[in-house]
Amino acid sequence: MAETYRLLCKFQEATASYLETIDIFASFGETHMRAHDEAVSSYSGALEIFTRIGDEIGRADVLCAIASVHLVRCKYAEATSPYSEALEIFTRLGDNDGRDMALCGKADTLIGIGGIHFSQGRRPEALSSYLEAITAIYTRLGDENGRAGALYRCAEVHHCQEDYRKAESLYVKAAEVWARIGKKDDEARALERLVNVRKAIDDSA
């Protein structure tokens with residue numbers, strides 16, 4: 001067992017390193033793809049260990065991470081299955097135990113699933129996933145940053161649907177939350193989008 005945990009720590013360190021690599025090389029073509037391949041490989045090793053030791057939260061976290069890597073690469077079919085499996089695990093653990101960790105994982109998974117829907121043009125389904133993350137989880141847990149991020153994503157859906165007034169309201173709410181908790185970069189991003197949507201409102205008047 002000690003050896004299993006030692007290997008698990010190595011995998012966790014490796015996956016963290018690969019995530020940093022992905023961020024660093026996010027705009028460098030083949031290097032970017034190679035970093036993602038390495039991340040998936042490392043996550044797969046971690047998944048095997050979590051499965052072996054019966055750590056369901058760890059397993060669901062890794063499944064969500066694998067799906068996220070596929071989502072970044074626009075491999076939506078590959079992302080769907082691990083997200084769905086992670087959602088099932090997080091939902092079961094959250095419903096049975098009420099564990100905050102499971103609920104946080106479920107919220108993050110819903111955001112990822114919403115991202116798949118959004119990227120494939122299924123706007124209502126994306127909105128439904130984002131709203132569930134807000135109402136059922138982020139608000140309940142008091143996760144203001146998570147709630148702001150989901151509000152921003154809801155705004156993006158409405159913006160794409162040319163429902164500019166709803167988008168405007170949600171961008172404002174997201175910016176206000178991020179301002180309150182000191183997330184200046186995210187606040188600036190929401191405010192930039194707010195300028196764009198208000199221009200669209202003026203142009204359509």
Side-chain angles (χ1 to χ4, degrees), residues 16 18-29 31-32 35-36 39 61 64-65 67-76 79 83 87 90 100-101 103-205:
Y18 287 130
L19 280 178
E20 291 176 5
T21 303
I22 289 169
D23 290 337
I24 292 169
F25 293 109
S27 61
F28 288 93
T31 305
H32 182 206
H36 282 85
D61 279 336
C64 192
S68 298
V69 173
H70 289 312
L71 178 57
V72 169
R73 296 182 66 176
C74 301
K75 292 189 172 184
Y76 304 123
Y83 269 141
L87 183 62
F90 284 132
D100 287 355
M101 188 178 297
L103 290 173
C104 286
K106 181 178 179 179
D108 291 342
T109 305
L110 285 167
I111 294 298
I113 291 171
I116 293 176
H117 290 314
F118 183 80
S119 298
Q120 295 189 311
R122 297 191 295 270
R123 311 298 192 225
E125 291 87 346
L127 193 60
S128 177
S129 289
Y130 297 150
L131 288 174
E132 184 179 353
I134 294 171
T135 58
I137 303 171
Y138 287 135
T139 300
R140 173 180 170 184
L141 294 176
D143 183 345
E144 289 286 86
N145 186 49
R147 187 168 74 89
L151 287 168
Y152 179 89
R153 288 174 172 84
C154 288
E156 291 285 273
V157 173
H158 288 301
H159 198 162
C160 287
Q161 292 177 324
E162 298 184 0
D163 192 345
Y164 298 131
R165 290 297 182 184
K166 285 185 179 178
E168 178 187 29
S169 174
L170 290 164
Y171 284 134
V172 168
K173 289 178 181 178
E176 287 175 347
V177 174
W178 276 325
R180 187 168 64 248
I181 63 176
K183 303 283 286 186
K184 296 301 182 183
D185 288 346
D186 290 324
E187 178 193 1
R189 179 162 52 97
L191 291 174
E192 181 180 9
R193 296 296 284 160
L194 183 59
V195 170
N196 293 338
V197 81
R198 284 176 172 167
K199 183 178 185 302
I201 291 171
D202 290 342
D203 289 346
S204 62

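For clarity, every value in this text was computed on a predicted model and none was experimentally measured.
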Can you see which heavy atom on [X] is nearest to which on [Y], and at what distance?
{"X": "Met101", "Y": "Phe90", "answer": "O-CE2, 4.5 Å"}
{"X": "Cys154", "Y": "Leu131", "answer": "SG-CD2, 3.9 Å"}
{"X": "Ala126", "Y": "His117", "answer": "N-CB, 3.6 Å"}
{"X": "Ile137", "Y": "Leu103", "answer": "CG2-O, 3.2 Å"}
{"X": "Ile111", "Y": "Ala150", "answer": "CD1-CB, 3.9 Å"}
{"X": "Ala148", "Y": "Ala174", "answer": "O-CB, 3.6 Å"}

_Can you confirm if the NZ or CZ of Arg123 lies within 45° of the ring axis of Phe118 and under 6.0 Å from the centre of its six-membered ring?_
yes
Is the closest side-chain heavy-atom distance between [X] and [Y] below 4.5 Å?
{"X": "Lys106", "Y": "Glu132", "result": "yes"}
{"X": "Gln120", "Y": "Ile116", "result": "yes"}
{"X": "Ser68", "Y": "Tyr83", "result": "yes"}
{"X": "Val69", "Y": "Val72", "result": "no"}

Sequence neighbours left out, cut at 3.5 Å: what donor-acceptor pairs do the side chains of residues 180-190 make with other protein atoms?
residue: Arg180; atom: NH2; partner: Glu144; partner atom: OE2; Å: 2.3
residue: Asp186; atom: OD1; partner: Arg189; partner atom: NH2; Å: 2.9

*Enumerate the residue pairs fulfilling side-chain hydrogen bond (donor to acceptor under 3.5 Å, both in side chains) with a member in residues 196-205, sequence neighbours excluded, ordered by first and then second residue.*
Glu168-Arg198, Lys199-Asp203
Distance check, rounded to the nearest 0.5 Å: [X] atom [atom1] versus [Y] atom [atom2]?
{"X": "Ser169", "Y": "Leu151", "atom1": "OG", "atom2": "CG", "answer": "9.0 Å"}
{"X": "Lys166", "Y": "Leu127", "atom1": "NZ", "atom2": "CG", "answer": "8.0 Å"}
{"X": "Leu110", "Y": "Tyr130", "atom1": "CG", "atom2": "OH", "answer": "10.5 Å"}
{"X": "Ile113", "Y": "Arg122", "atom1": "CD1", "atom2": "CZ", "answer": "10.5 Å"}

*Donor-acceptor pair, side chain of Ser128 and main chain of Pro124, under 3.5 angstrom*: no
*asked:* Taking Ile134's backbone N and O only, do any of them form a donor-acceptor pair with Thr139's side chain (distance below 3.5 Å, no angle check)?
replied: yes
*Under the side-chain hydrogen bond (donor to acceptor under 3.5 Å, both in side chains) rule, collect the residues that match up with Asn145, sequence neighbours excluded.*
Trp178
*asked:* Looking only at side-chain N and O atoms, does Tyr171 offer a donor or acceptor that is under 3.5 Å from a partner on His159?
replied: yes
_More than 12 heavy atoms of other groups within 6.0 Å of Glu192 CD_ = no
